[in-house]
Amino acid sequence: KAKVAVFISGRGSNMAALLYASFHADSPYELCLVASNDTDAEGLKLAEAEGIATYALSHKGMARSDHDAAMETAAREAGAEYIVLAGYMRILTEGFVSSWEGRMLNIHPSLLPKYPGLDTHARAIEAGDSHGGASVHLVTAELDAGEVLGALPVAIRPGETADSLAERVRFAEHQLYPKILADYVSRDGDADFLLGKVRNLALALPETH
Ligand code: GAR
């Protein structure tokens with residue numbers, strides 16, 4: 001099974017969804033570490049109770065690159081092959097991102113490319129959108145801009161508040177993330193999938209003739 005380190009900053013409900021999905025006998029991944037920049041993160045206690053290794057290091061008073069380096073060492077020592085960001089509210093340094101290129105996923109609470117960054121639900125409601133939602137994407141240096149691997153829409157109801165929408169989007173996230181992660185790690189070694197990636201890259205290149 002592919003070894004996955006999950007980075008969280010708080011509640012960790014997506015981490016819990018990923019964890020319990022990994023208990024299915026046919027899960028292609030398992031969690032080798034849950035790590036947080038907040039030593040009090042609720043999700044750490046849940047991971048511990050389920051026998052998953054945890055690592056916590058507050059970022060306060062630390063240079064961003066030093067904190068990233070410590071998180072990276074923890075992930076590598078745990079044998080992680082993938083890093084999965086699940087409500088990890090830190091922007092990672094370019095060095096960190098490039099060393100995990102193609103092996104780091106994030107979940108974002110909007111239908112990307114709409115609303116990268118913060119306050120996604122309020123922005124979707126304010127814009128009069130019919131749907132909010134969640135997207136799982138590969139992490140690249142540009143915030144919330146990597147290739148989208150999967151997304152689920154969530155209807156915006158009359159009288160919706162950012163909090164009420166956020167809660168329903170989380171239900172959708174819990175369905176989406178384990179499935180997309182499982183698909184991704186299963187396909188990652190697959191020759192056709194890698195060829196497809198190369199083709200996409202070729203399509204993205206400007207015409208030279
Ligand atoms: C999730 O809704 C996730 O999409 C969002 O934080 C929440 C974490 O909840 N992530 C971001 O906003 C990333 N910029 P959880 O801790 O219960 O999984």
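The structure displayed is predicted, hence computed values, not measured ones. Order of appearance sets the numbers: ligands from 1, and atoms from 1 within every ligand.
The closest non-hydrogen atom to atom 4 (O) of ligand 1, taken over His108, Glu173, Arg90, comes from Glu173.
Cation-pi geometry between Arg103 and Tyr82 is met: under 6.0 angstrom from the ring centre, within 45 degrees of the axis.
At a threshold of 4.0 Å, the pair Glu30-Lys3 counts as salt-bridged, since one of the basic side-chain nitrogens sits closer than that to a carboxylate oxygen.
Residues Thr93 and Asp68 have side chains that bring a donor and an acceptor to within less than 3.5 angstrom of each other. A side-chain donor from one of Ser164 and Glu160 sits under 3.5 Å from a side-chain acceptor of the other.
Residue Glu94 places its CD atom among 12 or fewer non-hydrogen atoms of other residues, nucleotides or ligands, all under 6.0 Å distant.
Within the structure, the closest approach of Ile107 to ligand 1 falls below 4.0 Å when heavy atoms are considered. Residue contacts with ligand 1 do not include Ala134, since none of its heavy atoms lies under 4.0 Å from the ligand. Judged by the shortest distance from any of its heavy atoms, Glu42 lies outside the 4.0 Å radius around the atoms of ligand 1.
Remark: ligand 1 and Arg11 share an N or O pair separated by less than 3.5 Å (distance only, no angle test). Between Arg170 and ligand 1, not a single N/O pair is under 3.5 Å apart. Between Ser13 and ligand 1, an N or O atom pair is found at a separation short of 3.5 Å. Considering backbone and side-chain atoms together, Gly12 places an N or O closer than 3.5 Å to an N or O of ligand 1.
Of all protein heavy atoms, the one lying nearest to atom 8 (C) of ligand 1 is Gly87 CA, 3.7 Å. With hydrogens left out, the protein atom closest to atom 13 (C) of ligand 1 is Met89 SD, 3.7 Å, a heavy atom.
A distance of 7.0 Å separates CG in Asp144 from OG in Ser110, rounded to the nearest 0.5 Å.
In terms of modelled atom types and a separation under 3.5 Å, the side chain of Thr39 and the main chain of Ala56 share no donor-acceptor contact.
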